[in-house]
Novice: 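The structure follows.
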Amino acid sequence: MIDSGEISLAHTRQELLSAITTILDAGATAGDIRADARAGDVSAGILGMLAVADRSGEPAQARCLLDLLMDGLRPR
């Protein structure tokens, strides 16, 4: 859809960040996610994991990286 021009990359990014913010806010309110977690940081972490896991060809590494990201979101 981005390639066809039907939607823009900026719009897609904003929609993604909005969805992540909603999840982070709900988790912080419930006390399950640290209050200082930011959508942009989570998005960057996920994109980094996808880039590394795709190149390594190792699904175990992707799972490990996701576990690290999720552990980092837990309240201190």
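Reckoned from all heavy atoms, side chains included, excluding hydrogens, waters and symmetry mates. What you see is a predicted model; the values in this text were computed from it and never measured.
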Novice: To check you understand the geometry: which heavy-atom pair defines the closest contact between Gly31 and Pro75, and what is its length?
Specialist: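 Of all heavy-atom pairs spanning Gly31 and Pro75, the closest is O-CG, 3.1 Å.
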
Novice: Mind checking the CD1-OG spacing from Ile23 to Ser18? Nearest 0.5 Å is all I need.
Specialist: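 Separation between the atoms: 10.0 Å.
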
Novice: With sequence neighbours left out, write down each residue that passes salt bridge (Lys or Arg N to Asp or Glu O under 4.0 Å) with Asp25, or none if nothing qualifies.
Specialist: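 Here no residue qualifies.
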
Novice: Hey, are the side chains of Arg76 and Asp36 touching, using non-hydrogen atoms and a 4.5 Å cut-off?
Specialist: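 Arg76 vs Asp36: side chains touch.
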
Novice: Tell me whether Arg34 contacts the main-chain N or O of Gly72 through its side chain, where contact means a donor paired with an acceptor under 3.5 Å.
Specialist: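 At least one qualifying donor-acceptor pair exists.
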
Novice: Check each of Ile46, Leu47, Val52 against Met49 using the side-chain contact (heavy atoms from CB on, under 4.5 Å) test, and report the only one that passes.
Specialist: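 One option only clears the test, and that one is Ile46.
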
Novice: Under 4.5 Å between side-chain heavy atoms, counting indirect links through other Ile/Leu/Val/Met/Phe/Trp/Tyr residues: same cluster for Leu66 and Ile20 or not?
Specialist: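 They do share one cluster, since a chain of ILVMFWY contacts under 4.5 Å joins Leu66 to Ile20.
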
Novice: Looking only at heavy atoms, what is the nearest atom pair of Ala35 and Ala28, with distance?
Specialist: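 Heavy atoms only, the tightest pair is CA-CB, 4.1 Å.
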
Novice: Show the nearest heavy-atom pair for residues Leu73 and Val42, with the distance to one decimal.
Specialist: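 Heavy-atom minimum between the residues: CD2-CG2, 3.8 Å.
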
Novice: Quick one: are Ser43 and Leu17 in side-chain contact, heavy atoms under 4.5 Å?
Specialist: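 They are in side-chain contact.
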
Novice: Nearest 0.5 Å please: distance from the OG1 atom of Thr29 over to the CG atom of Leu24.
Specialist: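 Answer rounded to 0.5 Å: 10.5 Å.
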
